[in-house]
Amino acid sequence: MPLFHLILVALIQGITEFLPVSSSGHLILLPQLTGMKDQGQAIDVAVHVGTLFAVILFFWRDVRMGLAGIPRMLTGRIDTPGSRLAFLLLIATIPAILLGLILKLTGLSDAMRSMTVIGWTMLIFGLFLWWADQTGETTKTDADWSISDAIKMGLWQAVALIPGTSRSGICITAGRMLGYARHDAAKIAMLMSIPTIFASGALLGYEVASTANMAAARDGAIAALFAFVAALLALGFMMRLLRTISFIPYVIYRVLLGVALLALAYST
């Protein structure tokens, strides 16, 4: 794959994975709007790995605590901050895994990869984010994350399997609806992404493992590196920005892109 194409895909994935604008929607739109060849599943796996390492590094203190709590969680002892975090992340991930398998086995996941679907989800869930951000209370912090909230946010996360919805965006929206402050809702959404990205990356990786070769490995390493750097920068920028401003800039972007895509889709 040409170097420019690799870097472009990596930057799109890295920048949009953790912003509430839908990375999957942008990657689907790239070949449709530019005529470029689809990057394929091998590169999808690589850029997912890059963004996974970025969010792990950014939230390493929480990740380390959660990893340390896994042994206690597995023995049914949810009595430390680490085991509690690991348990809540597990609960929040199950709905997306189950729905993802259903969509893949039924073929519906491919049927939803259209410009019209992405246009509507960009628009609708962008406005939904604006509504939740404007009306939601700011009384909770990430330390208040509970089992019931993890279940609710996990169910909303499953909705993000519809292209254009945005996994981070819908989780942040759910967090704001539940009363979490902007920064804390975003932090929980980012932590929820770790097992979700790992699960989806593992599934894709299993599918492409048999076709892997040296050229694909080289391309994947390049894509993963650029995606890692882009995701780390975008994540840091958003988390700092949320201490002073709302999600309005992302909402405006989503609405404008959604309207443009729908106009393009219905005019052809």
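Side chains are part of it too, since the values below use all heavy atoms of this structure and drop only hydrogens, waters and symmetry mates.
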Just do the side chain to side chain contact (heavy atoms under 4.5 Å, CB included) check on Val47 and Thr51 with the steps written out, would you?
CA-CA 6 Å; Val47 294; Thr51 54; 5.7 Å; no
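Counting heavy atoms from C-beta on, the side chains of Arg254 and Ser166 come closer than 4.5 Å. Ser83 places none of its side-chain heavy atoms less than 4.5 Å from the side chain of Arg77. The shortest side-chain heavy-atom distance between Ile70 and Leu67 falls under the 4.5 Å cut-off. Taking 4.5 Å as the limit, some side-chain heavy atom of Trp145 sits within range of a side-chain heavy atom of Tyr180. Residues Arg182 and Thr138 are not in side-chain contact: their nearest non-hydrogen atoms beyond the backbone lie 4.5 Å or more apart.
Taking 4.0 Å as the cut-off between side-chain N and carboxylate O, Asp79 and Arg84 do not count as a salt-bridged pair.
The closest donor-acceptor contact from the side chain of Thr165 to the backbone of Leu161 lies at 3.5 Å or more, if one exists at all. Remark: side-chain polar atoms of His48 are paired, donor with acceptor, to backbone N or O of Asp44 under 3.5 angstrom. A side-chain donor-acceptor contact under 3.5 Å links Asp144 to the backbone of Thr141. A side-chain donor-acceptor contact under 3.5 Å links Ser168 to the backbone of Leu19. Using a distance-only test at 3.5 Å, with no hydrogens or angles considered, a donor-acceptor pair links the side chain of Arg167 to the main chain of Ala189.
Relative orientation of the Phe125 and Phe128 rings is tilted, given thresholds of 30° and 60° on the angle between their planes. The aromatic rings of Trp120 and Tyr266 sit perpendicular, their planes meeting at an angle over 60°, well past the 30° parallel limit.
Contact record, Met112 with Leu103: CE-CD1, 3.9 Å, taken as the closest heavy-atom pair.
The environment of Phe58 atom CZ is dense: over 12 non-hydrogen atoms of other residues, nucleotides or ligands sit within 6.0 angstrom.
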